[in-house]
Amino acid sequence: QVPLVESGGGLVQAGGSLRLSCAASGRTFSSYGMGWFRQAPGKEREFVAAIRWSVGSTYYADSVKGRFTISRDNAKNTVLLQMKSLKPDDTAVYYCAGRRSRRPSVLADEYDYWGQGTQVTVSS
């Protein structure tokens with residue numbers, strides 16, 4: 001198991017910013033593809049962003065492109081999701097996920113490890 005722990009969620013007004021962190025213990029991310037997903041009430045879990053840890057390649061859902069940035073902190077073994085220009089539609093529980101493959105994926109079913117989730121609420 002690769003325990004993943006998210007942090008950084010909260011309540012923010014529309015147009016504001018939040019930064020989410022995903023930390024792992026017991027193993028480094030270097031051989032994993034890492035992703036962020038979100039799930040709003042009554043909706044399916046959807047892809048947000050992903051990063052190929054080894055080379056830093058990033059991928060984004062169209063709905064967040066230009067507003068969200070995924071990055072990695074090698075020293076802290078942490079994946080970050082910087083969210084700017086937040087909208088009420090971004091309100092959801094955000095999950096960090098890890099895949100036992102260097103290539104990330106946009107499909108939730110292809111990830112092997114999940115964090116517990118952190119709530120992000122954007123008020124209008």
Side-chain angles (χ1 to χ4, degrees):
Q1 291 289 334
V2 181
L4 302 175
V5 179
E6 302 99 335
S7 62
L11 173 64
V12 65
Q13 289 187 334
S17 301
L18 281 175
R19 189 178 75 166
L20 306 183
S21 297
C22 174
S25 60
R27 191 171 297 183
T28 64
F29 286 139
S30 60
S31 59
Y32 288 79
M34 300 300 299
W36 285 95
F37 290 77
R38 66 187 182 186
Q39 188 166 19
K43 295 186 178 181
E44 294 186 353
R45 192 167 297 189
E46 65 173 359
F47 170 75
V48 174
I51 187 168
R52 184 169 178 169
W53 186 274
S54 56
V55 297
S57 303
T58 57
Y59 311 85
Y60 297 95
D62 288 342
S63 59
V64 306
K65 200 171 294 183
R67 300 188 298 121
F68 291 11
T69 302
I70 187 171
S71 62
R72 69 200 194 287
D73 185 327
N74 292 332
K76 297 182 179 180
N77 202 35
T78 299
V79 177
L80 305 171
L81 184 67
Q82 178 68 52
M83 306 184 293
K84 298 181 179 179
S85 301
L86 284 162
K87 306 174 182 179
D89 284 348
D90 295 318
T91 295
V93 177
Y94 282 70
Y95 297 90
C96 176
R99 182 175 185 226
R100 288 193 301 263
S101 166
R102 284 187 169 83
R103 296 186 64 182
S105 172
V106 302
L107 302 176
D109 289 346
E110 295 188 352
Y111 284 80
D112 303 292
Y113 309 109
W114 291 86
Q116 80 288 353
T118 185
Q119 177 69 48
V120 172
T121 303
V122 184
S123 63
S124 57

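Residues satisfying the salt bridge (charged side-chain N to carboxylate O under 4.0 Å, His left out) criterion with R67, sequence neighbours excluded, are D90. For F37, the ring-ring contact (aromatic ring centres under 6.0 Å, His included) test picks out F47, Y111, W114, with sequence neighbours left out. By the side-chain contact (heavy atoms from CB on, under 4.5 Å) test, D89 pairs with no residue at all, sequence neighbours left out. N74 is linked by a side chain to side chain donor-acceptor pair (under 3.5 Å) to W53, counting only residues two or more places apart in sequence or in another chain. Contacts of Q82 classified as side chain to side chain donor-acceptor pair (under 3.5 Å), with partners at least two apart in sequence or in another chain: none. Take R45 and apply the salt bridge (charged side-chain N to carboxylate O under 4.0 Å, His left out) test, not counting sequence neighbours, and it matches no residue.
Nearest approach of E46 to R38, heavy atoms of both residues: OE2-NE, 2.6 Å. The minimum heavy-atom distance between R103 and R52, with the atom names listed, is CG-NH1, 3.9 Å. Summarising the geometry of L4 relative to Q116, their closest heavy-atom pair is O-OE1, 3.6 Å, with the distance given to 0.1 Å.
Atom CG of L81 sits about 7.5 Å away from atom OH of Y94, to the nearest 0.5 Å. Taking OG1 of T78 as the start and CE of M34 as the end, the distance is 9.5 Å to the nearest 0.5 Å.
A heavy-atom distance below 4.5 Å is not found between the side chains of V12 and M83. Put simply, the side chain of D112 does not reach to within 4.5 Å of the side chain of Y32, judged on heavy atoms. Looking at L18 and F68, their side chains never come closer than 4.5 Å, going by heavy atoms from C-beta outward.
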Extract all donor-acceptor atom pairs below 3.5 Å that involve side chains of residues 56-65 and protein atoms in other chains or at least two apart in sequence.
residue, atom, partner, partner atom, Å
Y60, OH, I70, N, 2.9
D62, OD1, K65, NZ, 3.2

Name each donor-acceptor pair under 3.5 Å that joins a side chain in residues 117-124 to protein atoms two or more places apart or in another chain, with its distance.
residue, atom, partner, partner atom, Å
T118, OG1, G9, N, 3.2
Q119, NE2, A92, O, 3.4
Q119, NE2, T121, OG1, 3.3

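Counting only residues at least two apart or on different chains, the disulfide (SG to SG under 2.5 Å) pairs with a member in residues 65-124 are C22-C96. Judged as a disulfide (SG to SG under 2.5 Å), not a single pair has a partner in residues 40-80 (not counting sequence neighbours). Evaluation of the salt bridge (charged side-chain N to carboxylate O under 4.0 Å, His left out) test over residues 3-17, restricted to residues two or more places apart or in two chains, returns none. Listed by first then second residue, pairs satisfying disulfide (SG to SG under 2.5 Å) with a partner in residues 51-93 number zero, not counting sequence neighbours.
The closest donor-acceptor contact from the side chain of R99 to the backbone of G33 lies at 3.5 Å or more, if one exists at all.
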